[in-house]
Number of protein chains: 2
Amino acid sequence: MSSNPKSKKQIIFQEAAELFRDKGYPATSMRDLAERVGLKPSSFYSHIKSKEEILQKICFDSAEKFTIGMKEVCDTEATNKEKLQLLIRLHIKVATEDPTTATVFNDEWRHLSEPHLSNFLALRRDYESHFLKIIEAGISTQEFKQISPSLVLYTIINSLRWLHFANKPTKELSATQIENDLIQLLLQGVEKNVL
Amino acid sequence: MSSNPKSKKQIIFQEAAELFRDKGYPATSMRDLAERVGLKPSSFYSHIKSKEEILQKICFDSAEKFTIGMKEVCDTEATNKEKLQLLIRLHIKVATEDPTTATVFNDEWRHLSEPHLSNFLALRRDYESHFLKIIEAGISTQEFKQISPSLVLYTIINSLRWLHFANKPTKELSATQIENDLIQLLLQGVEKNVL
DNA sequence: ATTTTGCGAACGAACAGTCATTCGTATTTT
DNA sequence: AAAATACGAATGACTGTTCGTTCGCAAAAT
């Protein structure tokens, strides 16, 4: 059964996430993973069902975080501007809390097999449509500029995609510093306002 | 000799870029590619040297576009704000002119083998450092807000990464429309200025 | 004019290697 | 004793690539 400090299953998922991030899912072999975990390839079929089960867990666990986060945002009474701020914070939180799974979630979902691929895409579509509604609402209340909502959506979502590479920049920047700077950047742009 | 309308080599590169975009480099087999081109797997070794040669060409051709574009921007006499605008336009141009190779350039370069991987990363580092200098200069002249330059760099670069998925959104938006909206969005943010 | 030579393009077959996974069995843990 | 965990060996499928060969066409030689 699950050994105490961290179950072997958890270790497998974590090491796998790192490998998937670094090499991608198809280029990561079970032998690579075995070596990392300190097991022979045949051995972790006592713990997991298949290679894809790992990918599925990572993808859908991350997806759930976004789904839950979106629900919370939608349930609050807040201006659209505030909701957008909360969503940006949500993306930053997910990306920084668990950077490896966030990467896999972002880039490796396409290697899911059916029907999981369709299920995942449905979750994603749902999330994006909620996101879109907030942007559209913000435009109609004149909180936001009149810019194509889907263009705004994709720009914002993707602008946060570098966060989970975590190693390169911003070692010295605090998390809240990053949050605040990013929100200012996305809401008001790089250009300095002339007041 | 090179048959006229499009040489077979060109066809191979183009079909390969599409497959690499859709399935990723490691998940794309030479047999997949063969079927697309209408050749048997063994046959295109008359045209190309190896699978990786295709990846190399795509990556370094795209890299060259950015390098050349950056040189042009650096050579102009312009304010840092104007230079940043030009760089954003450059990214949009590359991403929309040849969306498939742009995707490969963005996501599949890590599968390059040495020494090509190091060469590629050197080009990239060089590009980014020029980009950073412009942002830093803009901050010191007070054209830009005082936000961590590398944070601005990665946000901008990545915010344009969805463009090459081309299919999903913005079918009806013209290219110049997209350009203008994006520049406004990145320079001045989503929020509507209260004037 | 006819034959010979050369060559790029395409092929089927086969290569050695790797892939994820399964099975039977041993070892360890409970 | 029972259950969970680990292993070596083997599986069939797939990987990129090479080999020897063939076909059609163009240039060269007769």
Side-chain angles (χ1 to χ4, degrees), chain A residues 1-59 104 108-117, chain B residues 1-59 104 108-117:
Chain A
M1 190 68 45
S2 58
S3 59
N4 273 352
K6 221 179 250 181
S7 88
K8 200 135 235 173
K9 197 164 181 174
Q10 283 176 314
I11 295 178
I12 291 175
F13 282 126
Q14 184 191 310
E15 294 291 332
E18 275 181 43
L19 280 171
F20 292 170
R21 177 198 56 184
D22 292 339
K23 314 177 61 171
Y25 176 76
T28 300
S29 77
M30 295 301 261
R31 287 159 181 84
D32 296 334
L33 181 53
E35 198 173 2
R36 278 278 275 269
V37 179
L39 239 51
K40 300 296 170 181
S42 59
S43 299
F44 38 46
Y45 286 88
S46 310
H47 303 276
I48 58 161
K49 227 180 60 203
S50 69
K51 184 187 179 185
E52 209 198 291
E53 187 200 334
I54 306 175
L55 182 62
Q56 286 166 19
K57 178 156 174 53
I58 295 173
C59 287
V104 176
E108 305 299 326
W109 54 266
R110 60 176 161 175
H111 299 110
L112 289 168
S113 67
E114 293 293 355
H116 311 96
L117 179 59
Chain B
M1 186 98 10
S2 58
S3 58
N4 274 352
K6 223 179 246 180
S7 88
K8 200 134 234 171
K9 197 164 182 176
Q10 283 176 314
I11 294 177
I12 291 175
F13 281 126
Q14 184 191 310
E15 295 289 334
E18 276 181 40
L19 280 171
F20 293 169
R21 178 197 57 184
D22 292 339
K23 314 179 59 171
Y25 176 76
T28 299
S29 78
M30 295 302 262
R31 286 160 179 84
D32 293 335
L33 180 55
E35 199 172 0
R36 276 279 274 268
V37 180
L39 238 51
K40 298 297 170 182
S42 58
S43 299
F44 38 45
Y45 286 88
S46 309
H47 304 277
I48 58 160
K49 228 180 60 204
S50 68
K51 184 187 180 186
E52 209 198 290
E53 188 200 332
I54 306 176
L55 182 62
Q56 287 166 19
K57 178 156 174 54
I58 294 173
C59 287
V104 176
E108 306 298 326
W109 54 265
R110 61 176 160 174
H111 299 110
L112 289 169
S113 67
E114 293 292 354
H116 310 99
L117 179 58

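Reminder, nothing fancy here: chain letters follow the sequence lines and each chain counts from 1.
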Short N/O separations, protein against nucleotides 21-23 of chain D, under 3.5 angstrom:
none

Partner set under side-chain hydrogen bond (donor to acceptor under 3.5 Å, both in side chains) for [X], not counting sequence neighbours:
{"X": "B:His47", "value": "none"}
{"X": "A:Gln14", "value": "A:Lys6"}
{"X": "B:Lys57", "value": "B:Asp61"}
{"X": "A:Glu52", "value": "A:Gln56, A:Ser113"}

Legend entry - Inter-residue atom distance A:Met30.CE - A:Tyr45.OH, 0.5 Å rounding: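 That separation rounds to 3.5 Å.
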State, with a plain yes or no, whether a side-chain heavy atom of [X] is found less than 4.5 Å away from one of [Y].
{"X": "B:Cys59", "Y": "B:Glu108", "value": "no"}
{"X": "B:Val104", "Y": "B:Trp109", "value": "no"}
{"X": "B:Phe44", "Y": "B:Lys51", "value": "no"}

Legend entry - All side chain to side chain contact (heavy atoms under 4.5 Å, CB included) counterparts of B:Ser46, not counting sequence neighbours: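 Counting only residues at least two positions away or on another chain, B:Ser46 forms no side chain to side chain contact (heavy atoms under 4.5 Å, CB included).
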Inset, instruction - Look at B:Lys8 and C:dA10 and indicate whether a side-chain polar atom (N or O) is within less than 4.0 Å of OP1 or OP2. - result: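 Affirmative; the distance criterion is met.
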Inset, instruction - Check whether any side-chain nitrogen or oxygen of A:His47 sits under 4.0 Å from OP1 or OP2 of D:dA4, and answer yes or no. - result: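 Result: no.
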Inset, instruction - Starting at atom CD of A:Glu35, determine the distance to atom C1' of C:dC19, rounded to an integer number of angstrom. - result: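 Spelled out: CD on A:Glu35 to C1' on C:dC19 is 16 Å.
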Inset, instruction - Starting at atom CD1 of A:Ile48, determine the distance to atom P of C:dT22, rounded to an integer number of angstrom. - result: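 For the pair A:Ile48 CD1 and C:dT22 P, the rounded distance is 11 Å.
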Legend entry - Protein proximity profile, nucleotides 7-20 of chain D - base contact B, sugar-phosphate-only contact S, no contact -, cut-off 4.0 Å on heavy atoms: BBB-----BBBB--
Any protein N or O atoms within reach of nucleotides 25-28 of chain C? Criterion: under 3.5 Å, listing atom names and distances.
none

Legend entry - Pairs touching residues 25-38 of chain B that satisfy side chain to side chain donor-acceptor pair (under 3.5 Å), sequence neighbours left out: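 Non-adjacent pairs meeting side chain to side chain donor-acceptor pair (under 3.5 Å): B:Glu15-B:Arg36, B:Glu18-B:Arg36, B:Lys23-B:Asp32, B:Ser29-B:Asp32.
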